[in-house]
Amino acid sequence: MSHVKVEIASQPDCWRQAAKMADSPGLPLPGERVAVTGCGTSWFMAKAYAALREAEGHGDTDAFQASEFPLGRRYDRVIAITRSGTTTEVVALLEALRGRTRTTVITADGATPAAAVAGETVVLDFADELSVVQTRFATSSLALLRAHLNYDIEPVAADAEVAVRLPLPVHPALAEQITFLGRGWTVGLAEEAALKCREAAGWWTEAYPAMDYRHGPISIAKPGRVVWAFGEIPDGLCEEVEHTGAAFVHSRYNGGYAALGSWRGGGRTGLDPMADLVVAQRVAVLLATSQGLDPDHPRNLTRSVVLP
């Protein structure tokens, strides 16, 4: 079994362990103006958390790619997410902020350059990974941050236990392309799902805010393609996707996934979106192995981008 399969399956327990660290020093206080940063997968987790924190009324919260961080903007605290703690852009940003802004790094290794330069460090070493492709570290970071916002992670982890066993809603022979959609905090999850399929399998995937999907991207939907939505979905979107002939995927609590036409909104009727992301991670692995690819070691990727 590949490393990433084991790591995907371990996420429920990792999330529970991360939630126990919700009172770690260095996490934002209510009312603080906060920026969250990272690269790649970590940036998508930053986007999800930023949207959640603002929606819960904890204070202004922005998310930036580390390379695009606005150094002239004032924040009470900057949170950096980096599994390796060695990513060049993250380390450079933390060095630039040193002595100017309170900083906290969430990482899998406390003995790294990012941890050395950050003001506070939260170490999720239990969620570190052997696979190049990130799964459990990223979601454990988000579980930690959600728990810090007073979310109960136990039902989320329980959903993830379902997600690691569910029949997969996408088959490589029947889906030449997948578009992932989200709203609010799940936009970051949709972007991460798309990245997983591109990284692990080189699959054609896209991601958009669900409301914006009608404004152009829906033009590529057709039979043999999939539209997969996380969390709440806009009224009428199911029908619009059905009209194109594409398959619509959305989670349900009945233990499976709904094809287009059998799911209609109303209340909390699906998996927690983080658990839905677990299913998308599993799909990414299937897309890779169906082509004879190694999902642990994707083409052109390394564990960390360290620039000269």
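Numbers for residues simply follow the sequence, beginning at 1. Values below: all heavy atoms of this structure, side chains included; hydrogens, waters and symmetry mates excluded. None of the values given here were measured: they were computed from a predicted structure.
The side chain to side chain donor-acceptor pair (under 3.5 Å) check on His171 picks up nothing, with sequence neighbours excluded. With sequence neighbours excluded, no residue forms a salt bridge (charged side-chain N to carboxylate O under 4.0 Å, His left out) with Glu206. Qualifying side-chain contact (heavy atoms from CB on, under 4.5 Å) partners for Ala193, counting only residues two or more places apart in sequence or in other chains: Phe180, Phe230, Leu277, Ala280. Residues forming a side-chain contact (heavy atoms from CB on, under 4.5 Å) with Ala18 (at least two apart in sequence, or on another chain): Phe126, Ser140, Ala143, Leu144. In this view, Leu286 and Leu168, Pro172, Thr289 satisfy the side-chain contact (heavy atoms from CB on, under 4.5 Å) rule, not counting sequence neighbours. Applying the side chain to side chain donor-acceptor pair (under 3.5 Å) rule to Trp185 yields no partners; only residues at least two apart in sequence or on another chain are considered. Judged as a side chain to side chain donor-acceptor pair (under 3.5 Å), and not counting sequence neighbours, Glu95 has no contacts. Not counting sequence neighbours, Ala9 has no partner by the side-chain contact (heavy atoms from CB on, under 4.5 Å) test. Every residue was checked against the side chain to side chain donor-acceptor pair (under 3.5 Å) condition with Thr107, not counting sequence neighbours, and none meets it.
Side-chain heavy-atom separations under 4.5 angstrom define the hydrophobic clusters, and the remaining members of the one that includes Ile220 are Trp204.
Within the structure, ring pair (Phe, Tyr, Trp, His ring centres under 6.0 Å) contacts touching residues 32-64 (residues at least two apart or in different chains) are Phe64-Phe69.
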Solution key, residues 29-36 side-chain donor-acceptor pairs under 3.5 Å, sequence neighbours excluded:
unit_1 : atom_1 : unit_2 : atom_2 : d
Glu32  : OE1    : Leu29  : N      : 2.9
Glu32  : OE2    : Arg102 : NH1    : 3.4
Glu32  : OE2    : Arg102 : NH2    : 3.2
Arg33  : NH1    : Arg74  : O      : 2.4

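Contact check on Glu161 versus Arg165 returns no salt bridge, with no Lys/Arg side-chain nitrogen under 4.0 Å from an Asp/Glu carboxylate oxygen.
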